[in-house]
J.: 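One structure coming up, written as structure tokens, with questions to follow.
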2 protein chains.
Amino acid sequence: MIFVKTMRKLDLFEKGQQEIAAIAKVMSHPARIAILQFLAATPTCISGDISDFLPLSRTTVSQHLKDLKHAGLIKGEVEGLKIKYCLNKKGIEKMKQLFGDLLEEITPEEEKNCS
Amino acid sequence: MIFVKTMRKLDLFEKGQQEIAAIAKVMSHPARIAILQFLAATPTCISGDISDFLPLSRTTVSQHLKDLKHAGLIKGEVEGLKIKYCLNKKGIEKMKQLFGDLLEEITPEEEKNCS
DNA sequence: TTCTAATGACGCAAACATACGACATAGACT
DNA sequence: AGTCTATGTCGTATGTTTGCGTCATTAGAA
């Protein structure tokens with residue numbers, strides 16, 4: 001493997017670090033947060049009225065949905081012409097555990113503080 | 001405010017969504033995760049042997065440290081020529097709470113699942 | 001069959017992130 | 001003063017993300 005100066009070096013890190021970074025990246029845009037919240041709050045797993053709900057074009061929302069789906073945080077289910085989206089319990093749980101473990105690991109103990 | 005086609009629309013979202021997205025963005029690179037873990041594991045808040053520890057150039061690590069500092073997750077303290085870095089308890093706690101609240105909010109209840 | 005509506009895929013332009021070498025600075029040590 | 005060392009800043013090349021318009025597809029309606 002040849003590394004050019006500007007090549008990303010993500011894979012030089014540990015698998016756990018890569019995993020949490022990947023899931024954090026998905027959460028790093030307010031639109032995707034908003035989509036997750038919308039799906040959590042909407043009892044009937046309604047499809048792309050998500051586009052109407054967000055201040056973004058339908059195309060852009062579709063893109064964000066793809067990212068969320070790819071990360072395993074949501075699921076899509078065809079229902080005639082429309083598509084029902086909803087949270088993927090398994091993916092959300094996974095994320096919860098990843099973040100939980102990390103946050104526990106990096107909780108500072110008082111005596112280690114510099115100032 | 002004029003929006004060109006390609007302008008980011010981050011500020012069209014709610015403040016809470018922006019906050020969590022911003023903190024998630026900081027966590028979205030394995031190098032920064034690794035730095036936080038290193039600081040948590042190193043009792044003596046050691047400075048830039050972080051660069052030696054990571055498979056990145058000193059300049060790049062410095063950049064990541066700046067990002068973490070800017071996000072309030074770490075602190076730097078000058079000590080003669082060297083600089084002691086360590087976790088910022090307050091920032092870590094804040095992140096913990098933000099993620100905790102969100103994860104609780106988007107926890108799917110069984111009956112809402114599509115499939 | 002033909003029309004319409006919901007959606008994803010493709011491709012572009014602007015903005016942003018990553019990585020690094022080269023330079024600048026500032027403390028410590030002759 | 002000069003020199004070395006630890007560090008940050010700047011510029012720059014390349015890669016990635018965001019946002020959207022346009023197109024193709026597919027399911028239902030007429």
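Every chain is numbered from 1, with letters handed out A, B, ... down the list of sequences. Model, not experiment: these values are computed from the prediction.
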J.: When you check the side-chain N and O atoms of A:Lys89 and B:Thr107, is any donor under 3.5 Å from an acceptor?
T.: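 Judged by distance alone, the side chains do not pair up.
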
J.: A:Lys82 has an atom NZ; how far is it from atom P of C:dT4, in whole Å?
T.: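 Going from NZ in A:Lys82 over to P in C:dT4 covers 18 Å.
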
J.: Quick one: pull up CD1 in B:Ile74 and CD1 in A:Ile106 and give me the separation to the nearest 0.5 Å.
T.: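 If we round to the nearest 0.5 Å, B:Ile74:CD1 and A:Ile106:CD1 are 11.0 Å apart.
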
J.: On the nucleotide C:dG8, are OP1 or OP2 found under 4.0 Å from the side-chain N or O atoms that A:Tyr85 carries?
T.: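 Indeed, a polar side-chain atom of A:Tyr85 lies that close.
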
J.: How far does CZ of B:Arg32 sit from CG of B:Leu36, to the nearest 0.5 angstrom?
T.: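 Output value for this atom pair is 9.5 Å.
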
J.: If each of B:Leu65 and A:Glu79 is mapped to the nucleotide of DNA chain D with the nearest heavy atom, which maps nearer the 5' terminus, i.e. the 5' end?
T.: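 Comparing both residues, the 5'-ward one is B:Leu65.
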
J.: Using atom CD1 of B:Ile74 as one end and atom C1' of D:dT7 as the other, report the distance to the nearest whole Å.
T.: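 So the two atoms are 14 Å apart, to the nearest Å.
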
J.: Evaluate the ring planes of B:His29 and A:Phe13, with Trp represented by its six-membered ring, and classify them as parallel (under 30°), tilted (30 to 60°) or perpendicular (over 60°).
T.: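 Aromatic pair B:His29/A:Phe13 classed perpendicular.
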
J.: Please give, in whole Å, the distance from D:dT16 C1' to A:His29 NE2?
T.: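 Value for this atom pair: 13 Å.
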
J.: Can you check the A:Asp49 CG to C:dT7 C1' distance for me, whole Å?
T.: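 Answer to the nearest Å: 13 Å.
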
J.: Over how many whole Å does the gap from A:Lys66 atom NZ to D:dT18 atom P extend?
T.: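 Rounding to the nearest Å, NZ of A:Lys66 and P of D:dT18 are 12 Å apart.
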
J.: Mapping B:Thr59 and A:Arg32 onto DNA chain D by nearest heavy atom, which one lands closer to the 5' end?
T.: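 It is B:Thr59 whose nearest nucleotide is closer to the 5' end.
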
J.: Quick one: is D:dT7 close enough that its OP1 or OP2 comes under 4.0 Å of any side-chain N or O from B:Ser62?
T.: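 No, B:Ser62 has no side-chain N/O under 4.0 Å of OP1/OP2 on D:dT7.
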
J.: Would you kindly check whether a donor in the side chain of B:Arg58 faces an acceptor in the base of D:dG8, or vice versa, at under 3.5 angstrom?
T.: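 Donor-acceptor pair under 3.5 Å: yes.
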
J.: Think B:Thr60 has a side-chain N or O under 4.0 angstrom from the OP1 or OP2 of C:dT18?
T.: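 For C:dT18, neither OP1 nor OP2 has a side-chain N or O of B:Thr60 closer than 4.0 Å.
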
J.: Would you classify A:Leu56 as touching base, sugar-phosphate or nothing, given that sugar-phosphate means primed atoms plus P, OP1 and OP2, and contacts are heavy atoms under 4.0 Å?
T.: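 Since only primed, P, OP1 and OP2 atoms lie under 4.0 Å of A:Leu56, the category is sugar-phosphate.
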
J.: Between D:dG19 and A:His64, is there an OP1 or OP2 to side-chain N/O distance shorter than 4.0 Å?
T.: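 True: A:His64 side-chain N/O within range (under 4.0 Å) of D:dG19 OP1/OP2.
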
J.: Please classify the nucleic acid contact of A:Lys69 as base, sugar-phosphate, or nothing, using heavy-atom distances under 4.0 Å.
T.: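 Touches nothing.
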
J.: B:Ile83 side chain: which of C:dT7, D:dG8, C:dC20 is closest?
T.: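 Shortest atom-to-atom distance from the side chain points to D:dG8.
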
J.: Of the nucleotides D:dT9, D:dT7, C:dA26, which has the atom closest to the B:Leu81 side chain?
T.: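 In terms of side-chain proximity for B:Leu81, the closest of D:dT9, D:dT7, C:dA26 is C:dA26.
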
J.: For the residue pair B:Ile35 and B:Ile50, establish whether any side-chain heavy-atom pair is separated by less than 4.5 Å.
T.: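 In contact.
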
J.: Can you tell me the distance, in whole Å, between the CD atom of B:Gln63 and the C1' atom of C:dC16?
T.: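 Roughly 12 Å, once rounded to whole Å.
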
J.: A:Lys25 NZ to D:dG15 C1': how many Å, rounded?
T.: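 Taking atom C1' of D:dG15 as the reference, NZ of A:Lys25 is at 10 Å.
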
J.: Taking CG from A:Leu68 and C1' from D:dT18, how many angstroms apart are they, rounded to a whole number?
T.: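 Interatomic distance, CG of A:Leu68 to C1' of D:dT18: 14 Å.
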
